[in-house]
Amino acid sequence: MAPNVPAMYEMHFSVPMTGAVLNPINTRLDAKTIAIILRHAEPKILFVDYEFAPLIQEVLRLIPTYQSQPHPRIILINEIDSTTKPFSKELDYEGLIRKGEPTPSSSASMFRVHNEHDPISLNYTSGTTADPKGVVISHQGAYLSALSSIIGWEMGIFPVYLWTLPMFHCNGWTHTWSVAARGGTNVCIRHVTAPEIYKNIELHGVTHMSCVPTVFRFLLEGSRTDQSPKSSPVQVLTGGSSPPAVLIKKVEQLGFHVMHGYGLTEATGPVLFCEWQDEWNK
């Protein structure tokens, strides 16, 4: 069976190439916060994974319907093989794709980004201190950020990248595009747990992954059978607060090579990379 490509990853390429703008939403937010985002962003189409259908139903109840701003069209994504349909009249994602033209029409094939400063994505902060703030990412910004990750992280050709970082965070720190630019393979897991991480590293020969330091705790707390030494180290880029040296040492003993990066919340991927200094060998 052909591997399944998550809709979120596909849409990081397909949506911009229609001239539209992405708006990846943090699935950990509550209904009230998501409603604030939708009222502000005014999306025309809302793609909803079946797992989050109850949450979105609650969100839509919180948004009044105005003639000037009707509710967005719902497109359902069934990647969990559910047999029930949470929205009775809505189209599903695969059905939407089947309605498209197999070969682009002359007008579609002519689409180009006319201005590199045009938006490619609208990302929102978590809203932990106030209402979420919308951050516009341009085509140029995404391009430069994706390339900087390749250079700063020294990402070689054909990487095998394990997604333990959500794609709604700065478009996966723009690694959605970095991995494609290097001809890489994306290994996507639905839930981030130690058994899933170790199983997929072994199964697919993972070379790269990104995560916040919290995931290091998962790796250390995994069962002893999970923590088998790796034949070659997995390159890990971590962000957020700098993990303590003791934690890094423990994780590297499990076969991971850690680099710390710094970016800006929802604005870009990593822009600074803490490269190893020779004097640290002492």
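Predicted model, so just to flag it, every value in this text is computed and none were measured.
The heavy-atom pair separating Trp173 from Pro270 by the smallest distance is CB-CD, 3.6 Å. Taking every heavy atom of both residues into account, Gly269 and Thr174 meet most closely at N-CG2, 4.1 Å. Nearest approach of Trp163 to Ile189, heavy atoms of both residues: O-CG1, 3.6 Å. Contact between Leu62 and Ala35 at its shortest, heavy atoms only, is CB-CB, 4.1 Å. The minimum heavy-atom distance between Ala31 and Leu55, with the atom names listed, is N-CD1, 3.7 Å. Pro6 and Glu79 make their closest contact through CA-OE2, 3.2 Å (heavy atoms, listed as atom of the first residue, atom of the second, distance).
For the pair His208/Trp153, a side-chain contact is recorded, criterion being any heavy-atom separation below 4.5 Å from C-beta on. Residues Leu237 and Phe273 are in side-chain contact: their nearest non-hydrogen atoms beyond the backbone lie under 4.5 Å apart. Counting heavy atoms from C-beta outward, Glu10 and Ile97 have side chains that approach closer than 4.5 Å. Two residues are said to be in side-chain contact when any heavy atoms from C-beta on lie closer than 4.5 Å; Pro43 and Leu38 meet this criterion. Using a 4.5 Å cut-off on side-chain heavy atoms (C-beta onward), Phe168 and Leu29 make no contact. Residues Ile120 and Trp177 meet the side-chain proximity criterion, which asks for heavy atoms closer than 4.5 Å. Put simply, the side chain of Trp276 reaches to within 4.5 Å of the side chain of Asn281, judged on heavy atoms. A 4.5 Å side-chain heavy-atom check between Asn123 and Pro24 finds at least one atom pair inside the cut-off.
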Might you work through the side chain to side chain contact (heavy atoms under 4.5 Å, CB included) test for Lys99 and Leu91, ending with a clear yes or no? CA-CA 10 Å; Lys99 288 181 66 176; Leu91 188 66; 4.0 Å; yes
Between Met167 and Cys188, does a side chain to side chain contact (heavy atoms under 4.5 Å, CB included) hold up when you go through it step by step? CA-CA 10 Å; Met167 293 182 197; Cys188 302; 4.1 Å; yes
Does the side chain to side chain contact (heavy atoms under 4.5 Å, CB included) test come out yes or no for Phe216 and Val236, once each step is laid out? CA-CA 10 Å; Phe216 291 158; Val236 181; 3.8 Å; yes
Apply salt bridge (charged side-chain N to carboxylate O under 4.0 Å, His left out) to the pair Arg61 and Glu58, showing each step before the final yes or no. CA-CA 5 Å; Arg61 283 194 291 268; Glu58 186 180 352; 5.3 Å; no
Run the side chain to side chain contact (heavy atoms under 4.5 Å, CB included) check on Ile37 and Asn26 step by step: do they pass? CA-CA 10 Å; Ile37 292 173; Asn26 185 339; over 6 Å; no
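In terms of hydrophobic clustering, with Ile, Leu, Val, Met, Phe, Trp and Tyr side chains grouped at heavy-atom distances under 4.5 Å, Met209 and Leu254 are assigned to a common cluster. Linking Ile, Leu, Val, Met, Phe, Trp and Tyr whenever their side-chain heavy atoms come within less than 4.5 Å leaves Met155 and Phe158 in two separate clusters. In the hydrophobic clustering of this structure, Val5 groups with Met11; members are Ile, Leu, Val, Met, Phe, Trp, Tyr whose side-chain heavy atoms approach within less than 4.5 Å, directly or through other members. Linking Ile, Leu, Val, Met, Phe, Trp and Tyr residues whenever their side-chain heavy atoms come within less than 4.5 Å places Leu220 and Val258 in a single cluster. Put simply, Val48 and Val21 are part of the same group of oily side chains (I, L, V, M, F, W, Y) that touch within less than 4.5 Å, one to the next.
Between Asp49 and Arg190, at least one side-chain nitrogen of the basic residue sits less than 4.0 Å from a carboxylate oxygen of the acidic one, meeting the salt-bridge criterion. With respect to the salt-bridge test (charged N to carboxylate O, under 4.0 angstrom), the residues Glu196 and Lys199 qualify.
Few gaps surround CD on Glu51; more than 12 heavy atoms of other groups in view lie less than 6.0 Å from it. More than 12 heavy atoms of other residues, nucleotides or ligands lie within 6.0 Å of OH in Tyr9, so this atom counts as buried by the packing criterion. Asp278 CG: 12 or fewer foreign heavy atoms inside a 6.0 Å radius.
For the 3.5 Å distance criterion, the side chains of Gln235 and His257 qualify, holding a donor opposite an acceptor.
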Pairs of donor and acceptor atoms involving the side chains of residues 241-251, under 3.5 Å and at least two apart or interchain, shall be tabulated with distances.
none

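Put simply, the residue from Asn186, Asn200, Val206 that forms a side-chain contact (heavy atoms from CB on, under 4.5 Å) with Val160 is Val206.
For Thr164 (side chain) and Ser210 (main-chain N/O), a donor-acceptor pair under 3.5 Å exists by modelled atom type. A distance-only check finds a donor-acceptor pair linking the side chain of Tyr198 to the backbone of Leu219 [under 3.5 Å]. A donor-acceptor pair under 3.5 Å links the side-chain atoms of Thr176 to the main chain of Asn171, judged by distance alone. The backbone N or O of Ser149 lies less than 3.5 Å from no partner atom in the side chain of His175, so there is not a single donor-acceptor pair. Between the side chain of Ser121 and the backbone N or O of Ile137, no donor-acceptor pair lies under 3.5 Å. Lys44 contributes no side-chain N or O that, together with a main-chain N or O of Glu42, makes up a donor-acceptor pair within less than 3.5 Å.
The CG atom of Leu60 sits 5.0 Å away from the CD1 atom of Ile74 when rounded to the nearest 0.5 Å. The CH2 atom of Trp280 sits 3.5 Å away from atom SG of Cys274, with the distance rounded to the nearest 0.5 Å. Rounded to the nearest 0.5 Å, atoms CG (Asp92) and CG (Leu76) are 7.0 Å apart. Note: Tyr50 OH to Ile77 CD1 = 10.5 Å, rounded to the nearest 0.5 Å. We find the CG-CD1 distance between Leu203 and Ile201 to be 11.0 Å, quoted to the nearest 0.5 Å. Expressed to the nearest 0.5 Å, how far CG of Leu22 lies from CZ of Phe47 amounts to 9.5 Å.
Among residues two or more places apart in sequence or in another chain, the salt bridge (charged side-chain N to carboxylate O under 4.0 Å, His left out) test is passed with Arg73 by Glu90. Every residue two or more places apart in sequence or in another chain that forms a side-chain hydrogen bond (donor to acceptor under 3.5 Å, both in side chains) with Asp30 is listed here: Thr33.
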